[in-house]
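What follows is a short report on a single structure.
For reference, positions follow the sequence shown, starting with 1.
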Amino acid sequence: MNIAIIPARGGSKRIPRKNIKHFCGKPMIAWSIEAAKSSGVFQHIIVSTDDAEIAAIAKQYGAEVPFVRPDTLADDFTGTGAVVKHATEWVAQHLGHPTYICTLYATAPFVQAADLAKSLQLLKRSSKQIIFSVTSYAFPIQRAVKILADDSVTMFQPEYYSSRSQDLEPAFHDAGQFYWSSFTAVQQQISAFSSDALAYKLPRMQVQDIDTEEDWDRAEWLFKALKRDAASGERLL
C-alpha cells in the first residue's frame with residue numbers, strides 16, 4: 001500500500017493561511033491533492049492538519065483527513081519528519097501497513113503526477129530507502145559571495161575566482177515538493193541527505209519556493225506562463 005501524507009498546519013506566519021490561500025484559481029493545497037490523485041499510485045491521500053478549515057477544503061478536493069493533528073505537532077518548531085511519522089503510525093494502526101510513504105508538501109503547485117509515479121518506480125528498482133525531488137542551482141555555488149558587515153564582499157571559495165562556469169561541477173538543492181520513503185525510513189527518521197537516498201531531478205522552471213509574498217507573485221506568474229505554453233502545445237505542465 002502506498003500513501004501520500006500532506007502536512008498542512010494552520011499557523012503559517014510569513015504568508016497567513018498559505019496552505020489554503022487561492023493560487024491561480026484554487027486553494028494552494030488543491031494542486032498537491034489533485035496531482036496525487038492523478039498519479040494513480042496512492043491507496044490513500046491523507047492530510048495531517050490541526051485546522052478545521054484546511055481539513056474541510058482537503059476533503060472537498062478528495063483527500064482524507066481521518067484524524068486531527070495533535071497540538072504538540074502543530075507548533076513552529078516541529079519538523080516534518082515527526083508529523084509524517086505520526087501520520088504513518090496512525091495509518092499502520094487503522095488502515096494497514098504502508099509500503100511506501102510520499103511526503104507531499106501542500107505548497108507545491110508545480111508538482112506533477114507523472115513525476116510522483118516515475119520517482120516511485122525508480123525507488124522500487126533501487127536498493128535505497130528514499131527518493132526526493134531536487135533541482136539545480138542556476139549559478140555555480142563555487143563562485144558564491146557573502147556580504148560582510150561593511151557591505152564589502154568576499155568569496156566563500158576564492159580558489160574558484162578564475163574558474164570558468166562551465167568547468168565547475170553542477171550543484172543541486174532540495175526542490176521542496178515530494179519525498180518518497182520506505183516505512184522503515186519513516187520510522188527510523190532516516191535523512192534524505194544520506195547515502196540511503198536517491199535524487200529525482202526536476203527542471204528549474206518547475207520549482208519555486210513560496211515563503212514570501214514576492215515568492216508567491218513570482219510563482220503565480222511562472223505557473224500561468226507554463227499553463228499558457230501547455231495550452232499551445234509547447235510544454236506540458
Taking only distance into account, with no hydrogens and no angle test, what donor-acceptor pairs under 3.5 Å do side-chain atoms of residues 72-80 form with protein atoms, sequence neighbours excluded?
residue: Asp75; atom: OD1; partner: Phe77; partner atom: N; Å: 3.0
residue: Asp75; atom: OD1; partner: Thr78; partner atom: N; Å: 2.8
residue: Asp75; atom: OD1; partner: Thr78; partner atom: OG1; Å: 2.7
residue: Asp76; atom: OD1; partner: Arg9; partner atom: NH1; Å: 3.3
residue: Asp76; atom: OD1; partner: Arg9; partner atom: NH2; Å: 2.7
residue: Asp76; atom: OD1; partner: Lys13; partner atom: NZ; Å: 3.2
residue: Asp76; atom: OD2; partner: Lys13; partner atom: NZ; Å: 3.4
residue: Thr78; atom: OG1; partner: Thr72; partner atom: O; Å: 3.3
residue: Thr80; atom: OG1; partner: Tyr105; partner atom: OH; Å: 3.4

Might you confirm whether atom CG of Leu148 has over 12 heavy atoms from other residues, nucleotides or ligands at distances under 6.0 Å? yes
For [range], which residue pairs pass the salt bridge (charged side-chain N to carboxylate O under 4.0 Å, His left out) check, not counting sequence neighbours?
| range | value |
| --- | --- |
| residues 121-139 | none |
| residues 32-49 | Lys26-Glu34 |
| residues 154-177 | Arg164-Asp167 |
| residues 97-120 | none |

Sequence neighbours left out, what passes side-chain contact (heavy atoms from CB on, under 4.5 Å) with [X]? Give chain and number order.
| X | answer |
| --- | --- |
| Arg204 | Thr135, Ser136, Ala138 |
| Ser195 | none |
| Ala113 | Ser38, Ser39 |
| Ala192 | Ile130, Phe132 |

Could you tell me if the ring centre of Trp31 sits under 6.0 Å from that of Phe223?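 Yes, close enough.
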Look at the side chain of Gln157 and the backbone N and O of Met155, then say whether any donor-acceptor pair between them is shorter than 3.5 Å. no
Would the distance check show the side chain of Lys224 and the main-chain N or O of Ala219 forming a donor-acceptor pair, the cut-off being under 3.5 Å?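 Not at all, since once roles are kept as given, no pair shorter than 3.5 Å links the two residues.
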Do the side chains of Leu168 and Ile141 join up, straight or via other hydrophobic residues, at under 4.5 Å, putting them in one cluster?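 No, separate clusters.
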With clusters defined by side-chain heavy atoms of hydrophobic residues (ILVMFWY) lying less than 4.5 Å apart, directly or transitively, does Leu123 cluster with Val111?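 Yes, same cluster.
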If you measure only the distance, is there a donor-acceptor pair under 3.5 Å linking the side chains of Ser133 and Gln177? no
Is it the case that Thr49 and Asp51 place a side-chain donor and acceptor less than 3.5 Å from each other?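 Their side chains do not contain a donor-acceptor pair, so the 3.5 Å distance test is not met.
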Pairwise distance SG(Cys102) to OH(Tyr100) - rounded to 0.5 angstrom: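 Reported value, rounded in 0.5 Å steps: 13.0 Å.
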Spacing of CG belonging to Asn2 relative to CD1 belonging to Ile45, to within rounding of 0.5 Å: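 The CD1 atom of Ile45 is 11.0 Å from CG of Asn2, to the nearest 0.5 Å.
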Salt bridge or not between Arg17 and Glu53? Use side-chain N to carboxylate O under 4.0 Å. yes
Does the distance from a Lys or Arg side-chain N to an Asp or Glu carboxylate O, for Arg218 and Glu214, drop under 4.0 Å?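 No salt bridge links Arg218 with Glu214.
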Apart from Ile3 itself, residues in the same hydrophobic cluster as defined by side-chain heavy atoms under 4.5 Å: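 Ile3 shares its hydrophobic cluster with Met1, Ile5, Ile46, Phe67, Val84, Trp90, Val91, Leu95, Ile101, Phe183, Val186.
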Sequence neighbours excluded - ring pair (Phe, Tyr, Trp, His ring centres under 6.0 Å) pairs with any residue from residues 141-175: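 Counting only pairs at least two positions apart or across chains, the ring pair (Phe, Tyr, Trp, His ring centres under 6.0 Å) contacts touching residues 141-175 are Tyr137-His173.
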Which pairs count as ring pair (Phe, Tyr, Trp, His ring centres under 6.0 Å) when at least one residue sits in residues 34-62, sequence neighbours excluded? Phe42-Trp180
